[in-house]
Every structure is written in C-alpha cells, then in structure tokens.
Number of protein chains: 2
Amino acid sequence: MATIQDVAKAAGVSAMTVSNVINGHPNVRPATRERVLEAVDRLGYRVNVAARTLRRGRTGTIGLAVPEINRPYYGRLAASIIAAAARHGLRVSIEQTDARRENELAALSLSRNRLYDGLILSTVGMGPADVGALDVDHPVVILGERIFGGPVGHVAMPNEAASEAATRHLVERGCRRIAIVCGRLGGEADVSSLRHAGYLRALAAAGLPADPELVVTTESLTMREAARGVRERMAYGLGFDGVFCVTDTVAMGVLRALADAGVRVPEQVRVIGFDNVDESAYLVPSLSTVDPDHDLMAERAVALLTARIDQGGPGPEREEFTGPFRLVVRESTGG
Amino acid sequence: MATIQDVAKAAGVSAMTVSNVINGHPNVRPATRERVLEAVDRLGYRVNVAARTLRRGRTGTIGLAVPEINRPYYGRLAASIIAAAARHGLRVSIEQTDARRENELAALSLSRNRLYDGLILSTVGMGPADVGALDVDHPVVILGERIFGGPVGHVAMPNEAASEAATRHLVERGCRRIAIVCGRLGGEADVSSLRHAGYLRALAAAGLPADPELVVTTESLTMREAARGVRERMAYGLGFDGVFCVTDTVAMGVLRALADAGVRVPEQVRVIGFDNVDESAYLVPSLSTVDPDHDLMAERAVALLTARIDQGGPGPEREEFTGPFRLVVRESTGG
DNA sequence: CTCTCCGTTTGTATCGATAAAAAGCTGCCA
DNA sequence: TGGCAGCTTTTTATCGATACAAACGGAGAG
C-alpha cells in the first residue's frame with residue numbers, strides 16, 4: 001500500500017507538499033498540484049487514517065451506543081444520526097448495550113480510548129448511582145432520559161407533555177378506563193416513569209380516577225413482554241376501553257394480544273403509541289401515535305456533540321434540548 | 001490525557017513494560033504488573049487506539065455498508081453482525097448507502113483508507129459494470145446478491161429454493177392464482193430476480209400458468225411502494241388468491257393495501273413473506289414467512305472476513321456460503 | 001546589479017504504542 | 001567463584017502524516 005512518501009518520491013516533491021495538496025492547503029503551485037495528484041492517482045494512494053488521527057488527535061468518528069439496533073425506534077434514530085453526522089463530516093460507529101448497565105458504562109469508557117471524538121449514548125440501564133461515570137472529560141451527549149449530572153449534552157423527548165396529549169386524545173375519543181403499558185416504574189427519570197406521569201396528568205385533568213389496576217408494567221419494552229402483560233391483565237376480564245403504550249413497539253405487542261383475545265380496535269378498545277416508527281402507518285389497524293421529529297432530535301444531538309468536540313473538552317456545563325411533538329391520529333383510535 | 005510514557009514514569013518502569021502489562025504478555029513479574037496496573041488506574045490511562053493502529057496495522061474495526069439501517073431486515077442483520085464481530089473482538093462501523101451505486105462504490109474505497117480491517121457490503125445498487133470495483137486488495141465480504149467477481153467472500157441466502165418452497169406452500173394451501181410482489185426484474189442476480197425465479201419454478205412444478213399480470217414490480221422494496229403496487233393492480237379487480245412477497249417489509253405494505261380494499265387475509269388471499277423479521281410474528285394477521293437464520297449468516301460473514309483479514313490480503317479466491325432456511329407458517333396463510 | 005519580500009517548498013520533530021533485539025538479573029550448578 | 005540458562009526489562013527503530021520553522025527562489029525595487 002502506497003504511503004505519502006511513495007507519492008512524494010513519484011512526484012519528485014517532499015511529503016509535506018503531498019500533504020498540502022491532499023488537504024487542499026493554499027500556496028501550492030498549480031503545476032505542482034497537478035503532478036502530485038497524478039502520482040496519487042497512479043499509485044492509488046489513500047491516506048492512512050490512523051496516522052492522521054495520531055497526529056491530529058481527531059478520529060473523525062463518533063460513537064453511538066443504543067440498546068439494540070434491531071428495534072424500530074433505535075433503527076430510525078441511528079439512520080437519522082448517521083445522516084446528521086455525515087453532514088458534519090463524521091462517521092458513526094455503533095455499539096449495542098442490550099440495555100445493560102455495564103455495557104453502557106463500557107461504552108462511556110471506550111470513548112475515552114480516543115476511538116471516537118465523542119459519544120452519543122442512549123441510557124436505559126444506568127441509574128443515579130452511576131452519576132460518577134458521567135463526570136467525563138470528553139464530549140458526550142445523552143439521548144433519552146435518566147440523566148443525572150455531569151458536563152454532558154442532553155437531548156430529550158417531550159415525554160410528559162406528549163404523553164399527556166396522547167392520553168387526552170383517548171379521553172376525547174370517549175375512553176373512560178384508560179390503561180397504560182410501560183416498563184417498571186422506578187420513580188426515576190426513565191422513559192416509562194416520565195410518560196406515566198404525563199398519563200396521570202391527563203387523567204387528573206379529565207377528572208378520571210387513576211386505577212392502579214390499569215397500569216401494566218413489563219420487564220422490558222418489547223413486543224413479547226407487552227403482549228404477555230396485556231394477556232395477563234385480560235385474564236381477569238377486559239377492564240379498559242383505551243390503552244396508552246409508551247412506545248410503538250409496545251403497541252404492536254398490545255395490538256397482537258388484543259387480536260388474540262378477539263377484542264376489536266378501535267371499536268372496543270382504542271390504542272395509541274409513541275415514536276411514530278415507519279411501521280406504524282402500515283399496521284392493521286394503523287397506529288395512532290406521537291411523532292417526535294427524529295431528524296430534528298438527531299441533528300441536535302450531533303450538533304451538541306460537535307460543539308463540544310470543537311471546543312476541545314467535554315464542554316463546561318450541561319446543555320439540554322427538548323424536541324417538539326405532533327400527534328398522529330390513525331385508525332387505532334378511530335382515526 | 002495520560003500516555004503510556006506517563007504511566008511508565010509513574011510506575012518506575014519503561015514504556016515497553018507497561019505495554020506488556022496492558023496486552024497481557026507473559027514474563028512480567030507479578031510485583032511489576034501490580035505497580036503498573038496501579039499507575040494505570042491512578043492516572044486513568046487509556047490506550048490511544050490510533051497509535052496502536054498505526055503501529056500494528058490493524059484497526060480492530062470492520063465496516064458494514066447497508067442501504068438503510070432503518071429497515072427491519074437490515075436492522076436485524078446489523079444486530080447479528082455487531083454481535084458476531086464482538087465475538088471476534090471487532091467493532092462495527094456502519095455506513096448507509098441508500099441503495100445507491102455510487103455510495104456502495106464509495107464504501108468499497110473508504111475501506112481502502114485502512115479505516116476498517118475489512119468490509120461487509122450489502123450490494124443493491126451496483127451492477128455487473130462495476131465488477132472492476134470488486135477487484136479489491138483488501139478483505140471484502142458481499143452479503144446478498146448481485147455478485148459478479150473479484151476475490152471477495154460471499155454470503156447468500158437460499159433465494160431460489162426458499163422462494164420455491166414459499167410459493168409451493170401457497171399452492172398446497174389451495175391458491176391457484178398466485179401473485180409475486182418484487183422489485184424491478186433486470187434479469188441479473190439481484191434479490192428480486194432470484195426469488196422470482198424460485199416462484200416460477202414452483203408454479204411450473206404445480207402445473208400452474210405463469211401469468212405476467214400477476215407479477216407486481218415496484219420501484220423499491222419498501223412498504224409504501226409495495227402498497228402502491230398492489231393497489232394499482234387491484235384497480236382492475238382482485239385477480240389473485242395468494243401473494244408471495246420478496247421481503248417481509250414488502251408484505252407489510254401488501255397486507256395494508258389488502259386491508260384498505262377490504263380483502264380478508266387469509267380467507268380471500270393468502271400472503272407469505274421472506275426474512276422473518278421480529279415484527280412478522282406480531283402483525284395481525286401474523287405473517288407466514290421464510291426464516292433464513294440471520295445469526296448464522298452473520299456469523300459466517302464475519303468469519304469469512306476475519307479469515308481474509310488474518311491472512312493479510314484480500315484473500316486469494318472467491319468463497320461462497322449459502323445459508324439454510326426454514327418455512328414459518330402463521331396466520332396469513334391460514335396457519 | 002544587488003537586495004528584499006513573499007509565495008512555495010522542504011527538513012525536522014512529533015503524535016503514542018509496540019516489535020524486535022539487546023541488556024540485566026537471578027539462581028543454579030560445576 | 002565463574003559461567004550459563006532463562007526470565008525480565010530496557011533500548012532502539014518504526015508505523016505514516018503533519019505542524020512548524022527554516023530554506024529556497026524568483027520578481028520587483030532601488
């Protein structure tokens with residue numbers, strides 16, 4: 001594989017001149033540039049990114065750590081982030097954490113290896129006890145909830161407001177006993193707790209009682225667990241006429257469980273989700289949901305990160321951005 | 001940020017000894033190892049991957065280029081590949097090509113920048129004219145179809161056989177006018193053409209005529225295009241009682257279009273897909289499909305790639321692996 | 001005809017880690 | 001006590017690109 005030295009020799013110039021040409025520096029005579037480019041072409045020279053990285057101290061790559069890329073929401077997110085990063089001239093390397101605390105911590109420390117210029121992390125498993133890990137000395141942006149401190153950027157969804165709007169929509173469509181399907185409620189600032197809070201607010205605003213029996217908690221936010229949770233709940237009879245699902249993936253599990261029980265949607269039960277993944281519009285019935293503008297969130301996350309990268313350190317203080325949302329009404333709530 | 005030199009100084013040893021400790025080399029006295037580890041810990045030392053890469057000539061990262069990570073099949077694939085790569089001690093960097101030829105070519109040349117030790121590429125846009133681009137001098141594994149030459153590894157699905165089995169399944173369930181929804185048929189070895197061939201074989205074996213009107217081709221294999229294609233076809237009346245969809249994503253679009261037209265599945269029309277993505281089991285009706293064992297394919301792709309990486313060059317000759325498949329029968333074919 | 005000045009080019013040092021080879025050290029045996 | 005074998009540790013050189021400063025060369029001024 002040709003090096004910059006080889007090119008220099010072939011073009012009859014010094015390595016520095018080749019470097020200057022490659023990097024588009026001014027003050028290179030056109031004739032020289034020509035000669036160098038011709039040699040680059042002839043030898044099929046490609047810059048060695050490792051060497052450049054070592055010298056410059058930048059890798060040109062950012063890390064993205066998500067629980068599992070194989071979930072519609074994270075796939076959607078990753079696609080947007082890769083596109084946004086490309087606009088900033090950065091590549092994206094993906095780590096899967098399986099939503100496990102130790103893997104999230106490992107991702108944080110990996111980015112300390114200078115493997116990435118910065119890290120975008122979707123925390124799910126870490127808790128307040130890990131606040132120390134967020135006291136980082138390199139650029140980090142947390143995507144999602146469970147933030148607790150440290151000099152990191154933070155991009156969040158409008159969880160409470162959007163959940164309240166989604167639940168209110170069910171109320172407006174005539175639902176009186178509205179269930180919520182969510183993950184475990186730890187009382188912390190995780191996705192389920194925040195969205196649960198919005199759900200409660202909507203109930204209160206409508207003057208509806210908050211029946212604990214209508215809160216279905218699952219081990220994880222997967223289709224399988226959601227379906228299982230709803231089936232168990234229905235074993236005691238259909239006690240609800242509306243369901244707010246904390247994610248669209250959860251909603252898919254719920255729709256399946258309702259279908260298995262012969263419950264018609266939206267006639268008997270109305271269902272609404274959260275995320276507006278691509279599949280939601282094509283389900284039968286199509287799924288009403290909250291659309292959080294993934295592209296904007298991704299763009300902001302990358303922008304917050306590049307700002308921190310450009311200023312060299314982790315960034316001095318905490319920065320936050322909460323995205324907008326839009327209710328998308330479809331068949332599952334009587335569209 | 002502390003370097004290996006700083007650690008060496010702090011521990012009162014040479015940099016080499018620190019390196020030996022870090023890399024778990026034998027012949028380091030336990031007491032020394034202790035001292036070094038203590039210093040590493042105290043200074044918060046992390047190895048600089050760029051420097052290591054420069055010296056070793058390996059990056060420890062492989063590239064994965066797919067059309068769009070935000071499609072269930074590619075998400076599923078990426079998840080498996082990331083897991084498989086992790087088992088081989090490798091990280092994965094993802095590029096999105098948007099199924100466009102020039103981006104696929106760019107991915108091939110990027111991997112030449114020594115950014116990756118090797119590349120796994122899902123070709124969709126490239127054609128036989130680009131055979132020259134595959135005459136690579138570094139490790140490459142092509143995933144999927146449209147292979148045409150060059151010293152690359154190749155992992156393929158059992159397209160024809162599985163498509164034939166899927167179509168035969170429809171025949172066995174009593175379908176007599178079976179449609180296929182696929183992408184453009186260029187006559188080349190792309191996914192649509194191969195699966196279309198399997199479909200034709202099954203029809204021939206069953207003594208059914210191959211009616212060109214039953215071939216619905218779409219611009220791209222997305223839910224949107226598939227739904228559009230089926231709607232257009234049905235504008236002239238429902239002329240089929242079974243549909244073989246070349247991917248599950250296509251099937252989702254088809255199911256939606258059928259629902260819009262008030263056609264009942266499987267009573268009036270039976271539908272089968274290909275890929276067995278996670279969502280398929282939860283659709284209503286749940287989708288019969290072909291399960292190609294993604295984990296195995298991913299493991300093989302990574303194994304082919306690491307073999308090529310370990311032997312230094314692109315690898316001498318062409319290697320192929322075609323996975324197994326399994327028919328998964330669910331509600332959409334009368335399960 | 002010589003001297004500056006400025007645009008261009010080059011030499012040198014360096015980023016941090018590690019392979020390979022050389023040098024130190026121990027302990028053991030003759 | 002000398003010498004050797006075998007473990008440990010250090011020295012040296014290098015991976016390839018680039019920042020910086022110094023050197024070069026040609027044009028125009030005096």
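The sequence lines fix the lettering, A, B, ..., with proteins before strands; numbering per chain opens at 1.
If you take CG on B:Asn48 and CD1 on B:Ile4, they are separated by 10.0 Å, rounding to the nearest 0.5 Å. Distance CD1/A:Ile81 to CD1/A:Ile120: 4.0 Å, rounded to 0.5 Å.
In this structure, the CG atom of A:Leu54 is 9 Å from the C1' atom of D:dC15, given to the nearest Å. In this structure, CE of A:Met1 is placed 10 Å from P of D:dA17, rounded to the nearest angstrom. Rounded to an integer number of Å, the gap from A:Tyr45 OH to D:dT18 C1' is 10 Å. One interatomic measurement links the two molecules: CZ of B:Arg58 to P of D:dT14, which rounds to 22 Å at whole-angstrom precision. To the nearest angstrom, C1' of D:dA21 lies 13 Å from CG of A:Asn20. At whole-Å resolution of the value, CD1 in B:Ile4 and P in D:dT12 are 18 Å apart. Atom CG in A:Leu43 sits roughly 15 Å away from atom C1' in D:dG16 (whole-Å rounding). Regarding A:Arg46, its CZ atom lies at a distance of 13 Å from the P atom of D:dA17, rounded to whole Å.
The side chain of B:Thr3 lies closest to C:dA17 when the candidates are C:dT18, C:dA17, C:dT9. Nearest to the side chain of B:Met16, among D:dT10, D:dA19, C:dT9, sits D:dT10. Set against C:dA17, D:dT11, C:dT9, the side chain of B:Ser14 has D:dT11 as its closest nucleotide. Between D:dT18, C:dT10, C:dA17, one nucleotide has an atom nearer to the side chain of B:Gln5 than all others, and that is C:dA17. Counting only heavy atoms from C-beta on, A:His25 has its side chain closest to D:dA19 among C:dA17, D:dT8, D:dA19. Listed nucleotides C:dT18, D:dA17, D:dT18 differ in distance to B:Arg52; the shortest reach to its side chain belongs to C:dT18. Nearest to the side-chain atoms of A:Arg55 among the listed nucleotides D:dT9, C:dG16, C:dA13 stands C:dA13. Nearest to the side chain of B:Asn27, among D:dA17, C:dT10, D:dT8, sits D:dT8.
Within the 4.0 angstrom heavy-atom criterion, no nucleotide atom of any strand lies near A:Val18. A:Thr32 comes within 4.0 angstrom of sugar-phosphate atoms only, judged by non-hydrogen atoms across all strands, and of no base. Nucleic acid contact class of B:Thr17 (heavy atoms, under 4.0 Å, all strands): base. If you check every strand for non-hydrogen atoms under 4.0 Å, B:Val13 touches sugar and phosphate atoms only.
Within the structure, a side-chain polar atom (N or O) of A:Asn23 is placed less than 4.0 Å from OP1 or OP2 of D:dT18.
Taking for each of A:Arg29 and B:Ala51 the nucleotide of DNA chain C with the nearest heavy atom, the 5'-most of the two is the partner of A:Arg29.
For the pair A:Pro139 and A:Leu304, the minimum side-chain heavy-atom distance is 4.5 Å or more.
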key: Test log, rule salt bridge (charged side-chain N to carboxylate O under 4.0 Å, His left out), inputs B:Arg100 and B:Glu104   = CA-CA 6 Å; B:Arg100 289 173 54 202; B:Glu104 294 177 357; over 6 Å; no
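For B:Tyr73 and B:His294, the ring centers sit closer than 6.0 Å to each other.
A:Gln96 and A:Tyr74 form no side-chain donor-acceptor contact under 3.5 Å, judged by distance and modelled atom types alone.
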